[in-house]
Amino acid sequence: MKEFHGRLHKKYYYMIVSFIIVLMLAGLLVDNPVNSRFAVHGVMIVVISICLLVYPCYENAWMKYMTVISSTGYFYALFYLYPETWSEFVLLCFIPAFSILFFDKRLFYFSLLINFAFIAFTFGYIGFVDKGQDYPYIFIDLVGNVVNFLASQILLYFIFHLTNLRIQKQRLYYEQVQQAERMRTTGQLAAAVAHEIRNPLTVVNGFLQFYVEDPAFSQSQKQSFALMMNELDTAEHVISQFLSVSKPDEGEKVDNVDVELILQEVTDLLNMYGLLNDNGIDLNVEMDCHVAANSIELKQLFINLIKNAIEASPHSGSVKVIAAKVKGHVCIQIIDNGRGMSQEEVKNLGTPFYSLKSKGTGLGLMICFNIVEKYNGSIQFDSDPGDGTTVTLRFPLIPN
Ligand code: ADP
Ligand code: MG
């Protein structure tokens, strides 16, 4: 994910980085004799500064790893160059905190791992080689320092883990809000447009029906009229689908619906559709799967999803439909071995008019999402290109 979207964001980043560089330079220049360790320290500052300054321009995984590695190198270099400054050890404990800024799980684990490797070497060096000569404050209580180091790493791990969980939840919430906003706008648009278009269509359709019966027109003209009426029916169908999204909810009946019954009806209906390409539907439903919903809408939901599965399936491939009770929910899965979808395609599902079919409307899933949300359910698509798709629906179970 890109972190530097706007210029403002970048401006803050550069301000903070400049401050860090000034601090590092102060550490180098203030009260520090110019000798070989001054030179090594200076080189480390140059490397880390370049990494930090260049990062927003490239912002890729490689740059992140380079920045983390160079900062780790920097802090260990300080520790070895200035043994008299005991507080350098505290900085070593905080090295993985640096990678928390990038919110990348793998990068954080990588940083923890290299810190463990470096510290193991460092404690070994102090315990067996240095023996308290340069680092007496660590050698005096070596075990205590090792324990403190481990505790600091565990603490950082928990901070990262909890913050990461919260951010993931927030991201999910943001996506849901976006989806809801999209549905709301589409609904309003649909209501306005559909209303304005439906009436003239009905008038034109009525006239055409009248002309088809009229003996004054020739047979070929009547054929043209029939074609026009067919096209008008298609338009009417799209509008009806759109309207079902924007329809106000009041007055709609919510029943205690037996999923088995509905799925059986839908399967009977769609078996005919599947015959065209020799696709069968295998139904496997547990008894007493009851949910609170409107039966017509639930039917519409299953029809849309199973129809998509059939359309994606190869010749004579079958679609599996499973329903079972799982932890207080009714879980319904529609599994096909069809063309499958990429992650990008899955992300676009439910967007109005998103369709990869030559005759698709791209409204089916938008309606499905709407129905699922209305009855407190959830819908999930697991798909791999070429491997097929599994759609998992969950609705709260009504105990029998
Ligand atoms: P439509 O069926 O009219 O194209 P939908 O909203 O029902 O509209 O579906 C949108 C798109 O999602 C489809 O065009 C198809 O590309 C993709 N899709 C939906 N279900 C599946 C599936 N089971 N396997 C592969 N692709 C699917
Ligand atoms: Mg469809």
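Everything quoted here is computed from the prediction, not taken from an experiment.
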Practice problem: Kindly indicate, with the supporting measurements, whether the criterion salt bridge (Lys or Arg N to Asp or Glu O under 4.0 Å) is fulfilled by Glu345 and Arg339. | Solution: CA-CA 12 Å; Glu345 283 172 42; Arg339 50 175 288 272; 3.1 Å; yes
Practice problem: Starting from the C-alpha separation in whole Å, work towards a yes-or-no answer on side-chain contact (heavy atoms from CB on, under 4.5 Å) for Val17 and Leu53. | Solution: CA-CA 7 Å; Val17 164; Leu53 291 172; 3.8 Å; yes
Quiz item: Going through the checks in order, is the side-chain hydrogen bond (donor to acceptor under 3.5 Å, both in side chains) test met by Lys169 and Asn164?
Solution: CA-CA 9 Å; Lys169 256 191 212 163; Asn164 203 31; over 6 Å; no
Exercise. I would like to know whether Leu156 and Ile95 meet side-chain contact (heavy atoms from CB on, under 4.5 Å); could you show each step before the answer?
Key: CA-CA 10 Å; Leu156 283 179; Ile95 286 176; over 6 Å; no
Practice problem: Go through the steps for Leu301 and Leu393 under the test side-chain contact (heavy atoms from CB on, under 4.5 Å), then give the verdict. | Solution: CA-CA 10 Å; Leu301 169 71; Leu393 293 162; 4.1 Å; yes
Exercise. Would you check, one step at a time, whether the test side-chain contact (heavy atoms from CB on, under 4.5 Å) holds for Asn304 with Leu363?
Key: CA-CA 10 Å; Asn304 272 323; Leu363 295 175; over 6 Å; no
Practice problem: Applying side-chain hydrogen bond (donor to acceptor under 3.5 Å, both in side chains), run through Thr122 and Tyr80 and close with a yes or a no. | Solution: CA-CA 9 Å; Thr122 304; Tyr80 281 107; 2.9 Å; yes
Exercise. Check the pair Tyr76 / Asn115 against side-chain hydrogen bond (donor to acceptor under 3.5 Å, both in side chains), numbers first and verdict last.
Key: CA-CA 9 Å; Tyr76 275 93; Asn115 204 22; 2.8 Å; yes
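Closest of all the heavy-atom pairs between Asn205 and Met229 is OD1-CG, 3.3 Å. Here the shortest heavy-atom pairing between Ile334 and Ala309 reads CG2-CB, 3.9 Å. Between Ile126 and Phe139, the shortest heavy-atom contact is O-CD1, 3.6 Å. Residues Ser295 and Asp255 come closest through the heavy atom pair OG-OD2, 4.2 Å. Ile303 and Leu270 make their closest contact through O-CD1, 3.9 Å (heavy atoms, listed as atom of the first residue, atom of the second, distance).
Every residue meeting the salt bridge (Lys or Arg N to Asp or Glu O under 4.0 Å) condition with Lys307, not counting sequence neighbours, appears here in chain and number order: Glu311.
Here the CD1-CG distance, from Ile398 to Asn256, works out to 4.0 Å after rounding to the nearest 0.5 Å. Of the inter-residue distances, the one linking Ser318 atom OG with Ile310 atom CD1 reads 10.5 Å to the nearest 0.5 angstrom. The CD1 atom of Ile119 sits 11.0 Å away from the OG1 atom of Thr72 when rounded to the nearest 0.5 Å. Between atom CG of residue Leu78 and atom CD of residue Glu88 there is a gap of 4.5 Å, rounded to the nearest 0.5 Å. For the atom pair CD (Gln178) and CD (Glu175), the distance works out to 7.0 Å, reported to the nearest 0.5 Å. Note that the CG atom of Leu52 and the OG1 atom of Thr67 stand 6.0 Å from one another [nearest 0.5 Å].
Listed by first then second residue, pairs satisfying salt bridge (Lys or Arg N to Asp or Glu O under 4.0 Å) with a partner in residues 262-287 read Glu265-Lys299, Glu286-Lys325, not counting sequence neighbours. Among residue pairs with one or both ends in residues 35-48, those qualifying as salt bridge (Lys or Arg N to Asp or Glu O under 4.0 Å) are Arg37-Glu84; sequence neighbours excluded.
Looking at Val391 and Gln380, their side chains never come closer than 4.5 Å, going by heavy atoms from C-beta outward. Between Val266 and Ile262, the closest side-chain pair of non-hydrogen atoms falls below 4.5 Å. Between Tyr12 and Met15, some side-chain heavy-atom pair lies under the 4.5 Å cut-off. Taking the side chain as every heavy atom from C-beta outward, Ile322 and Val285 never approach each other to under 4.5 Å. Between Thr389 and Asp382 there is no side-chain heavy-atom pair separated by less than 4.5 Å. Taking 4.5 Å as the limit, every side-chain heavy atom of Phe160 sits out of range of all side-chain heavy atoms of Pro96. Under the 4.5 Å side-chain criterion, counting only non-hydrogen atoms from C-beta, Phe38 is not in contact with Leu81. The shortest side-chain heavy-atom distance between Met341 and Leu349 falls under the 4.5 Å cut-off.
For the pair Ser355 (side chain) and Lys357 (backbone), a donor-acceptor distance under 3.5 Å is present. Counting only distance, with no hydrogens or angles, the side chain of Asp336 and the backbone of Gly338 share a donor-acceptor pair below 3.5 Å. Using modelled atom types, one side-chain atom of Asn294 and one backbone atom of Ile296 make a donor-acceptor pair closer than 3.5 Å. Looking only at distances, a side-chain donor or acceptor of Ser49 sits under 3.5 Å from a matching main-chain atom of Ile45. Between the Gln221 side chain and the Ser218 main chain, a donor and an acceptor come within less than 3.5 Å of each other. Without hydrogens or angle criteria, Asp214 side chain to Phe217 main chain gives no donor-acceptor distance under 3.5 Å. Checking side-chain atoms of Asn279 against main-chain N and O of Pro314 turns up a donor-acceptor pair under 3.5 Å. With hydrogens and angles ignored, the 3.5 Å screen pairs no side-chain donor or acceptor of Asp258 with any backbone N or O of His290. Proximity of a side-chain donor or acceptor of Asp141 to a complementary backbone N or O of Gly144 within less than 3.5 Å is detected.
Linking ILVMFWY side-chain heavy atoms closer than 4.5 Å, directly or via other members, places Leu263 and Tyr273 in a single hydrophobic cluster. Cluster annotation: Met24 and Phe94 are assigned to the same hydrophobic cluster (Ile/Leu/Val/Met/Phe/Trp/Tyr, side-chain heavy-atom contacts under 4.5 Å, transitive). Side-chain heavy atoms closer than 4.5 Å link hydrophobic residues (I, L, V, M, F, W, Y) into clusters, and following such links, even through other members, never connects Val43 to Leu25. Met44 and Val47 sit in two unconnected hydrophobic clusters of ILVMFWY residues. Membership requires side-chain heavy atoms under 4.5 Å apart, directly or through other members. Residue Leu165 is not grouped with residue Ile167 when hydrophobic side chains (ILVMFWY) are merged at heavy-atom distances under 4.5 angstrom, including chains of intermediate members.
Residues Phe79 and Tyr135 place their aromatic rings such that the two centres sit under 6.0 Å apart. Ring centers of Tyr375 and Phe395: at least 6.0 Å apart, outside the cut-off. Note: Phe75 and Phe118 fail the aromatic proximity criterion, with ring centroids not under 6.0 Å apart.
A 6.0 Å sphere centred on CZ of Phe207 holds no more than 12 heavy atoms belonging to other residues, nucleotides or ligands. Summarising the local packing, NZ of Lys222 is surrounded by more than 12 heavy atoms from other residues, nucleotides or ligands at distances under 6.0 Å. At most 12 heavy atoms of other shown residues, nucleotides or ligands fall within 6.0 angstrom of atom CD in Gln343.
Note: His41 and Tyr74 have tilted aromatic rings, judged against thresholds of 30 and 60 degrees for the angle between ring planes. Using cut-offs of 30° and 60° on the angle between ring planes, the pair Tyr55 and Phe102 is perpendicular.
Residues Tyr82 and Asn32 have side chains that bring a donor and an acceptor to within less than 3.5 angstrom of each other. A donor and an acceptor atom, one from each side chain of Thr392 and Gln333, are located under 3.5 Å apart.
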